[in-house]
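The next block holds one structure in the form of structure tokens; read it before the comments.
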Amino acid sequence: MFGAAAAVIGVLAGGLGLVKDVGGLFESRPPATIDATIDRVIQTRSRMPFGEYLAAAKLSPAGFSREELAQPGYEFTVTVTISGRIGKELPLRWRMFRRPESPLPGPIYDREAVGFEPQGTRHSDSWPVWIPYPPTAGRYYVRFTLQDPTGLPASERDSGTFSHPPR
């Protein structure tokens, strides 16, 4: 009788342990919260030579021709805030559109501007972004996208509409 009771108790204890182990397989821990936001996009210049932008952003002009450095473009300042992610780069991309919603073709109008790599639990930064002039006159805007670690948009913000050529 005691042997049968011990066997039943053993089976129950083993069954409960198995249920707990199997149940643990289905429990999911939520991923670490990452809050990445484009706070502001401001057009700061409408006639900025590429070489001047490189100097202002403290980037090397090496490898660019005199004509490339003289190419005029727009400058935007983009401000982002990232919380909950330390030491992993989040890229900021931009893409130019002609109004109402036509993306300009070619990789020159769809690029990565910079990667933000937070060094603390809350990181806020601004970065100047240079964008070449579009090929034809018209009304345009630029969409800035801060990408999450999987490459999906974490935050997007459009610039204001502007006319090209600049007045």
Looking at every non-hydrogen atom in both residues, tell me the closest pair between [X] and [Y] and how far apart they are.
{"X": "Met96", "Y": "Pro132", "value": "CE-O, 3.5 Å"}
{"X": "Pro61", "Y": "Leu54", "value": "CA-CD1, 3.8 Å"}
{"X": "Ser159", "Y": "Phe144", "value": "CB-CE1, 4.5 Å"}
{"X": "Pro49", "Y": "Ala70", "value": "CB-O, 4.1 Å"}
{"X": "Pro166", "Y": "Ser46", "value": "CG-O, 3.5 Å"}

Side chains of [X] and [Y]: closer than 4.5 Å at any heavy-atom pair?
{"X": "Ile82", "Y": "Asp35", "answer": "no"}
{"X": "Arg47", "Y": "Tyr74", "answer": "no"}
{"X": "Pro149", "Y": "Leu90", "answer": "yes"}

Is it the case that the side chains of Glu75 and Thr44 hold a donor-acceptor pair, with the cut-off being a distance below 3.5 Å and no angle test?
yes

Can you confirm whether the side chains of Arg98 and Thr136 place a donor and an acceptor under 3.5 Å from each other?
yes

Enclosure of Arg99 CZ (heavy-atom neighbours >12, cutoff 6.0 Å)
yes

With rounding to the nearest 0.5 angstrom, report the [atom1] to [atom2] distance, [X] to [Y].
{"X": "Arg157", "Y": "Asp39", "atom1": "CZ", "atom2": "CG", "value": "7.0 Å"}
{"X": "Trp94", "Y": "Glu112", "atom1": "CH2", "atom2": "CD", "value": "12.0 Å"}
{"X": "Leu59", "Y": "Trp130", "atom1": "CG", "atom2": "CH2", "value": "12.5 Å"}
{"X": "His123", "Y": "Thr81", "atom1": "NE2", "atom2": "OG1", "value": "8.5 Å"}

Sorted by chain and residue number, the side-chain contact (heavy atoms from CB on, under 4.5 Å) partners of Val114 (sequence neighbours excluded) come out as Leu92, Phe116, Trp127

For Pro135, which residues count as a side-chain contact (heavy atoms from CB on, under 4.5 Å) partner, sequence neighbours excluded?
Leu104, Tyr109

Taken in chain and number order and not counting sequence neighbours, the residues that satisfy ring-ring contact (aromatic ring centres under 6.0 Å, His included) with Tyr140 are none

State which residues pass ring-ring contact (aromatic ring centres under 6.0 Å, His included) with Phe64; sequence neighbours excluded, sorted by chain then number.
Phe50

Kindly work out whether a path of hydrophobic side-chain contacts (I/L/V/M/F/W/Y, heavy atoms less than 4.5 Å apart) joins Val142 to Ile108.
yes

Side chain to side chain donor-acceptor pair (under 3.5 Å) pairs, two or more places apart, involving residues 49-62
Arg45-Glu52

Partners of [X] by side chain to side chain donor-acceptor pair (under 3.5 Å), sequence neighbours excluded?
{"X": "Glu68", "answer": "Ser65"}
{"X": "Gln147", "answer": "none"}
{"X": "Thr77", "answer": "none"}
{"X": "Arg93", "answer": "Asp110"}

Sequence neighbours left out, what pairs pass salt bridge (charged side-chain N to carboxylate O under 4.0 Å, His left out) with at least one residue falling in residues 138-151?
Glu101-Arg143, Arg143-Asp158

Which pairs with one or both residues in residues 124-135 pass salt bridge (charged side-chain N to carboxylate O under 4.0 Å, His left out), sequence neighbours excluded?
none

Hey, mind stepping through Arg40 and Ser126 against side chain to side chain donor-acceptor pair (under 3.5 Å) and telling me if it holds?
CA-CA 9 Å; Arg40 190 173 58 222; Ser126 294; 4.7 Å; no

Quick check against the 3.5 Å criterion: does Thr79 have a side-chain atom that pairs as donor or acceptor with the backbone of Ser124?
no

Between Ser155 (side chain) and Ile38 (backbone), is there a donor-acceptor pair under 3.5 Å?
yes

Who clusters with Tyr141? Use side-chain heavy atoms, under 4.5 angstrom, across I, L, V, M, F, W and Y, and order the result by chain and number.
Phe97

